[in-house]
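Below is one structure; the comments refer to it alone.
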Amino acid sequence: MGNKVLDRFAVILLLGLCVIWGLQQVAIKFALEGISPMMQAGLRSIGATILLCLWMRWRGIKIFERDGTEWWGLLASLLFSGEFLLLYWALEYTTTSRGVVFLYTSPFIVALGVHFFVPGERLRLFQVIGLCCAFGGIVVAFGDNGGAGDTLLGDMMALLAAVFWGATTVVIKASPQRMLRAERVLLYQLAGSAVALPLLSLAFGEAGVTSVTVPVIASMLFQIVMVAFVSYLAWFWLIHRYQASKISSFGFFSPLFGVFFGFLIMNEAITPVFIVALVLVAVGIYLVNKPQVVKQPVVDKSSLRES
């Protein structure tokens, strides 16, 4: 992992990634007009897998290689598939704004998971406070749907998607997969979901691709190229180059951008109560990812001079 302090380029890139992830739910909503949820998620993974394989071949990285982490990779890919199956399904029943807030409770699942499964990583006071803030935000959000109708099923699916996302991260952190190159970790998840999701779509009897329009095509291209390929690779690049704790603290921007785009593009109503829920979740994300301050030992300069 990298240890560089964040510079201007890293900050701009991180904010750009948060904008992309905030727009993801809007893109999914647009594409749902012509492609059913599981098929849409599967097509996204297929396209991103092809792009990633081309990237790995160009960089000289082996695509097919027995690395001893195959079963862990399969588990991560199943969790990854479950996350996006639930997220795409959820957005048929809830708004993008609500979906993004519930989805970005994932860092709290990670914080709890690594506490129990990753040696040396324990919950700190700020993280406990952050978890309490997030829990309060979830309770407030469930109690207010802003006149959006019956969103409970979609909200629950988005929350469960966050659990799957967090579990995927914990599996990677707690298993030998943490030693692999970023491209291989991502390939396991994308390739596994590229197989699983279209098969599930067929098994459930989804309609599949029903309408090919410009908005649907544009939404799919955005999801494949910008979200599943470019943004994920950029994120892993940042993690390997800069201090991971400082990078993670930017996570609270994603739900903020997501709610903003839901309001701006989808014309979704944002109530004062929902803003309170959003702020609680965003503050919770920041506190959970707040870098730990390591106290430097005090050196007695006078004893150094005498020596």
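Since this is a predicted model, take the numbers as computed values, not measurements.
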For the residue pair [X] and [Y], establish whether any side-chain heavy-atom pair is separated by less than 4.5 Å.
X	Y	answer
Leu233	Trp55	yes
Leu85	Phe204	no
Glu83	Leu86	no
Val216	Phe30	no
Val227	Phe222	yes
Val209	Leu43	yes
Phe274	Val140	no
Leu14	Cys18	no

Has [X] got a side-chain atom pairing as donor or acceptor with [Y]'s backbone, closer than 3.5 angstrom?
X	Y	result
Ser219	Pro215	yes
Arg98	Ala141	yes
Thr210	Gly34	yes
Thr168	Phe164	yes
Gln189	Val185	yes
Ser106	Leu103	no
Arg184	Glu65	yes
Glu268	Ser97	yes
Glu206	Met38	yes
Thr169	Trp165	yes

* To do: Quick one: do Leu32 and Glu92 satisfy side chain to side chain contact (heavy atoms under 4.5 Å, CB included)? Show the steps, please.
  => CA-CA 8 Å; Leu32 284 173; Glu92 281 204 313; 3.9 Å; yes

* Asked: Would Cys53 and Leu187 count as a side chain to side chain contact (heavy atoms under 4.5 Å, CB included) if you check the C-alpha gap in whole Å, the side-chain angles of each, and the deciding distance to 0.1 Å?
  -> CA-CA 8 Å; Cys53 288; Leu187 181 62; 4.0 Å; yes

Atom pair [atom1] ([X]) and [atom2] ([Y]), whose distance is rounded to the nearest 0.5 Å:
X	Y	atom1	atom2	answer
Leu160	Leu87	CG	CG	11.5 Å
Asp150	Leu153	CG	CG	8.0 Å
Arg59	Leu54	CZ	CG	14.0 Å
Gln177	Ile172	CD	CD1	5.5 Å
Leu280	Ile138	CG	CD1	10.5 Å
Ser231	Leu13	OG	CG	10.0 Å

[Y] reachable from [X] in the ILVMFWY side-chain graph, under 4.5 Å edges:
X	Y	value
Leu23	Val259	yes
Trp235	Tyr286	yes
Leu79	Val163	yes
Leu256	Phe260	yes
Ile28	Leu17	yes

In this structure, are over 12 heavy atoms from other groups packed under 6.0 Å from [X] atom [atom1]?
X	atom1	result
Met179	CE	no
Met56	CE	yes
Phe257	CZ	yes

* Asked: How are the rings of Trp21 and Tyr232 set relative to one another: parallel (under 30°), tilted (30 to 60°) or perpendicular (over 60°)?
  ->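 Rings of Trp21 and Tyr232: tilted, as their planes differ by 30° to 60°.
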
* Asked: Should the pair Phe102 and Phe142 be assigned to parallel (<30°), tilted (30 to 60°) or perpendicular (>60°) ring geometry?
  ->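 Aromatic pair Phe102/Phe142 classed tilted.
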
* To do: Begin from the C-alpha positions of Ile224 and Phe229 and carry the test side chain to side chain contact (heavy atoms under 4.5 Å, CB included) through to its verdict.
  => CA-CA 6 Å; Ile224 292 169; Phe229 176 62; 5.9 Å; no

* Between Trp89 and Phe84, is the ring centre distance below 6.0 Å? ->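 Ring-ring flag for Trp89/Phe84: false, centres at least 6.0 Å apart.
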
How close do [X] and [Y] get, counting heavy atoms only, and between which atoms?
X	Y	result
Tyr104	Val281	O-CG1, 4.2 Å
Ala162	Thr105	CB-OG1, 3.3 Å
Gly99	Ala158	O-CB, 3.9 Å
Ser36	Ser201	OG-OG, 4.2 Å
Glu33	Ser211	O-CB, 4.2 Å
Val101	Leu278	CG2-CD1, 3.8 Å

* Do Gln223 and Tyr88 meet the criterion of a side-chain donor-acceptor pair at a distance under 3.5 Å? ->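 Gln223 vs Tyr88: donor-acceptor pair found between side chains.
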
* **Test item: side-chain donor near acceptor, Thr96 and Gln25, under 3.5 Å** =>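 Judged by distance alone, the side chains do not pair up.
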
* Kindly indicate, with the supporting measurements, whether the criterion side chain to side chain contact (heavy atoms under 4.5 Å, CB included) is fulfilled by Leu180 and Tyr188. => CA-CA 11 Å; Leu180 298 182; Tyr188 271 117; 3.9 Å; yes

